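Encoded as structure tokens, the structure appears first; notes follow it.
Fair warning: this is a prediction, and the values are worked out from it, not measured in the lab. Here is the naming used below: chain letters follow the sequence lines, and residue numbers restart at 1 for every chain.
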2 protein chains.
Amino acid sequence: MAERVTLQTIADRVGVSRATVSYAFSRPDQLSAELRERILRVAEELGYAGPNPTARSLRLGRAGALGLIFTETLPYAFTDPYAIGFLQGLAVAAEEAAVGLLILQQPRGEERPGLVRDAVVDAFCVFSLPDGHAALDAVLARRLPTIVVDEPILDGVPYLGIDELAAAGAATRHVLDLGHRHIGLAVVGLHHDGRHGWADPARQESAVFEAMRNRVRGYRAAAEAAGLDWASVPVYEVPGHESDGGREAGRALLARTPRPTAILCNTDALALGVLEAAAEAGVKVPEELSVVGFSDSGAEEAGLTTIRQDKQLIGRTAGRLLLSGEPVPERTLLPHELIVRSTTAPPG
Amino acid sequence: MAERVTLQTIADRVGVSRATVSYAFSRPDQLSAELRERILRVAEELGYAGPNPTARSLRLGRAGALGLIFTETLPYAFTDPYAIGFLQGLAVAAEEAAVGLLILQQPRGEERPGLVRDAVVDAFCVFSLPDGHAALDAVLARRLPTIVVDEPILDGVPYLGIDELAAAGAATRHVLDLGHRHIGLAVVGLHHDGRHGWADPARQESAVFEAMRNRVRGYRAAAEAAGLDWASVPVYEVPGHESDGGREAGRALLARTPRPTAILCNTDALALGVLEAAAEAGVKVPEELSVVGFSDSGAEEAGLTTIRQDKQLIGRTAGRLLLSGEPVPERTLLPHELIVRSTTAPPG
DNA sequence: TTGTATGCGTTATCAC
DNA sequence: GTGATAACGCATACAA
């Protein structure tokens, strides 16, 4: 129907120049109230949609949006409370800076570099990508302010996370200090190959997800520092985002001889599953078994001892760093905290 | 440091025209492999970030993003599982269409029309806004494909939701069919004034949130159709997003004489609170009291009878309608379902 | 296969 | 207070 109406359309109709019309919208004080009034009225009549944001953005050189790269699709990412909390935190920063939050989903398998290539944003936040994920290259190619949260850790790319190594070390020392000597690990999210089962040190080291790998390294370093022989520590691995992985790992670990008196888990979800397995096997927690989680997501109700990372703080900090206008620092580590609840005690 | 590098920079350097360089990126088959190679190499050397998305978007006339308006900030919106589910659904549609999802938060009080004005998007989805919220005007001014989910219902603005009236009617008939005659209502989210207490019919009708208002209307219509005198039905109102509202409402309703034998709640969170109040008061559910929720968010574990709306379906449908390229239908109603669990039974 | 010319809709700079 | 003009960076019809 109607032709596309632009500043020019209105200018012609009112009999003024384009610039004047532009002023009417963007610099109200640069022209007489009366003229402005007239221009706005005509704009209204013509059904003008207001200054075209894309053109405006091009001219102004700013997008007014922060890009967030999620591995996976949102429905999947949101199965993880950590991701939700992080997004909430990031949203706080976006709100403070009055910019939008552009979510760019990268469904596994069919990655979408085009989405990243075409994203109209001022900065990128990359949330927890596996090593070598194509989206990261696409992001880096854009040469915008960028920060990587949790992983991967890359030279020259600003990084934000917690000190996974130290945190895992704290978890380990906690149980060691309680007197445990037979510990076991339940780990998830190391690879994409869907493997279940015992993971030897080589397998542990080949983990694709950096954060998870570092957690395992942290467990190991602390254990070895205390004189434990790592080769004798059973490590059971389950594939990512499987609801029943914890139970499986728990069963496997509890079937060992000697039975571990403490199980360290690299996520809380896993730890909850281990608790189920223990209940199932009639193993009392914490009398006969100590369990430690990681992340403090849904751990409170279960009374789970865990490492807390402030998800929202992480998101907020990432956002603020990106939107501050300052250069993004190369490495930012946020604090973690060992939360001792009722699933850990000295060995029976 | 380096000058801003554009297509022209590369063209000059390689000694070809701007168009050729553009082809090298966007139409690989329009030039010799060799030349393309050379161009890309120079681009790389110069640190070219790729075709500027804003300029590209301006030229192409498409943004590659879907705008989502959230009342409130995300951290707040995400206290509601319904909002999360909806976002997940919308994300599915965005992924299918390979577009980004631009979240525009509208913090209460300080609304941000600027965010909407400047948003580089192809369409807008407005999620559950109170009547008269300024963001909606800003959205409509953009004259882009737009859909409103849940509220407000406006003439000429495409709308998507469930039939709240019918759903509330189903909930009401369920308890009436069980034989209940003394029913009470616990309602939340009617106004912004933070009022707690009994809401008379006038107050019920003045509700700012359309969906909630319609639910109440649905309860009422079904009750009156069964011959109940609405004026005698106690309706207790609590402010939105308060964790303890359900308990408060439950206590108030259970203190009435005659005590209601069935309480209808316009959200599940509220219903869970009512269950707590009943437990507290030693009132057995469902023997002495039937409770019905609304939304099926977190109702399953509690065995709550409720109305289920498929949150993800709503989001997905909204997204697909917007991104289909077809005109958005004026009214879309999605099905609801009465889920009978263990909190309803015939009156003792 | 490559180059030329033009327009996408704004806003900023400078005149007047 | 208002107008002409030049960018912003790109893509495309068309000519060569």
Side-chain angles (χ1 to χ4, degrees), chain A residues 2-40 42-43 46-64 114 117-122 142-144, chain B residues 2-40 42-43 46-64 114 117-122 142-144:
Chain A
E3 293 292 304
R4 171 163 239 70
V5 28
T6 76
L7 285 186
Q8 188 67 65
T9 323
I10 303 173
D12 293 347
R13 183 68 158 265
V14 179
V16 296
S17 85
R18 217 160 63 214
T20 305
V21 181
S22 175
Y23 279 147
F25 285 96
S26 316
R27 285 289 161 76
D29 46 333
Q30 293 298 301
L31 69 178
S32 68
E34 185 200 15
L35 178 54
R36 177 173 137 85
E37 191 80 4
R38 207 167 96 229
I39 292 177
L40 293 184
V42 172
L46 261 39
Y48 180 55
N52 179 309
T54 308
R56 190 183 166 85
S57 170
L58 175 60
R59 183 60 236 243
L60 263 32
R62 36 155 277 143
R117 202 173 27 81
D118 295 342
V120 177
V121 298
D122 298 309
R142 289 288 303 272
R143 293 167 200 270
L144 288 175
Chain B
E3 292 292 304
R4 174 161 237 70
V5 26
T6 76
L7 285 186
Q8 188 67 64
T9 322
I10 302 172
D12 293 348
R13 183 68 158 263
V14 179
V16 295
S17 84
R18 216 160 65 215
T20 307
V21 181
S22 175
Y23 280 147
F25 285 96
S26 317
R27 285 288 160 77
D29 45 335
Q30 293 299 301
L31 69 178
S32 68
E34 185 199 13
L35 178 55
R36 175 173 138 88
E37 191 79 6
R38 207 166 95 231
I39 292 177
L40 293 184
V42 172
L46 262 39
Y48 181 55
N52 178 307
T54 308
R56 192 184 163 84
S57 170
L58 176 60
R59 181 62 233 246
L60 263 29
R62 35 155 277 140
R117 201 173 27 81
D118 296 342
V120 177
V121 298
D122 298 310
R142 289 288 305 271
R143 293 166 198 271
L144 288 176

Task: A:Arg36 vs A:Arg18, nearer the 5' end of DNA chain D by closest nucleotide - done: A:Arg36

TODO: Evaluate whether atom CZ of A:Arg117 has more than 12 neighbouring non-hydrogen atoms of other residues, nucleotides or ligands under 6.0 angstrom away.
DONE: yes

Is there a side-chain contact between [X] and [Y] (heavy atoms, below 4.5 Å)?
| X | Y | result |
| --- | --- | --- |
| A:Val21 | A:Thr9 | no |
| B:Phe25 | B:Leu40 | yes |
| B:Ser32 | B:Glu37 | no |

Would you classify [X] as touching base, sugar-phosphate or nothing, given that sugar-phosphate means primed atoms plus P, OP1 and OP2, and contacts are heavy atoms under 4.0 Å?
| X | result |
| --- | --- |
| A:Ser26 | sugar-phosphate |
| B:Gln30 | base |
| A:Leu58 | base |
| A:Tyr48 | sugar-phosphate |

Open item on the list: Side chains of B:Thr54 and B:Ser57: any donor to acceptor distance under 3.5 Å?
Closed with: no

Side-chain N or O of [X] versus OP1/OP2 of [N]: is the shortest distance under 4.0 Å?
| X | N | value |
| --- | --- | --- |
| A:Thr6 | C:dG9 | no |
| B:Ser32 | C:dT2 | yes |
| B:Ser22 | D:dA11 | yes |

Open item on the list: Closest approach to the side chain of A:Ala19, judged atom by atom: which nucleotide of D:dT12, C:dG9, D:dA4 is it?
Closed with: D:dA4

Task: Selection from C:dT11, C:dG3, D:dT2 that lies nearest to any side-chain heavy atom of A:Leu35 - done: D:dT2

How many whole angstroms separate atom [atom1] of [X] from atom [atom2] of [N]?
| X | N | atom1 | atom2 | value |
| --- | --- | --- | --- | --- |
| A:Arg59 | C:dC8 | CZ | P | 17 Å |
| B:Asp118 | C:dT10 | CG | P | 12 Å |
| B:Arg27 | D:dC14 | CZ | P | 14 Å |
| B:Arg38 | C:dT2 | CZ | P | 9 Å |
| B:Phe25 | D:dC10 | CZ | P | 9 Å |
| B:Leu7 | C:dG3 | CG | P | 13 Å |
| B:Asn52 | D:dA11 | CG | P | 9 Å |
| A:Tyr23 | C:dC16 | OH | C1' | 13 Å |

TODO: Check if the side chain of A:Arg56 and the base of C:dT11 share a donor-acceptor pair of N or O atoms closer than 3.5 Å.
DONE: no

Open item on the list: With nearest nucleotide decided by heavy atoms, which residue, B:Ala33 or B:Ala55, maps closer to the 5′ end of DNA chain C?
Closed with: B:Ala33

So which atom in [X] and which in [Y] form the shortest heavy-atom distance, rounded to 0.1 Å?
| X | Y | value |
| --- | --- | --- |
| A:Tyr48 | A:Leu7 | OH-CD2, 3.3 Å |
| B:Ala11 | B:Arg18 | CB-N, 3.7 Å |
| B:Leu144 | B:Val121 | CD1-O, 3.5 Å |

Task: Bend angle of the helix from C:dT1-D:dA16 to C:dC16-D:dG1, end axes from five pairs each (to 10°) - done: 30°

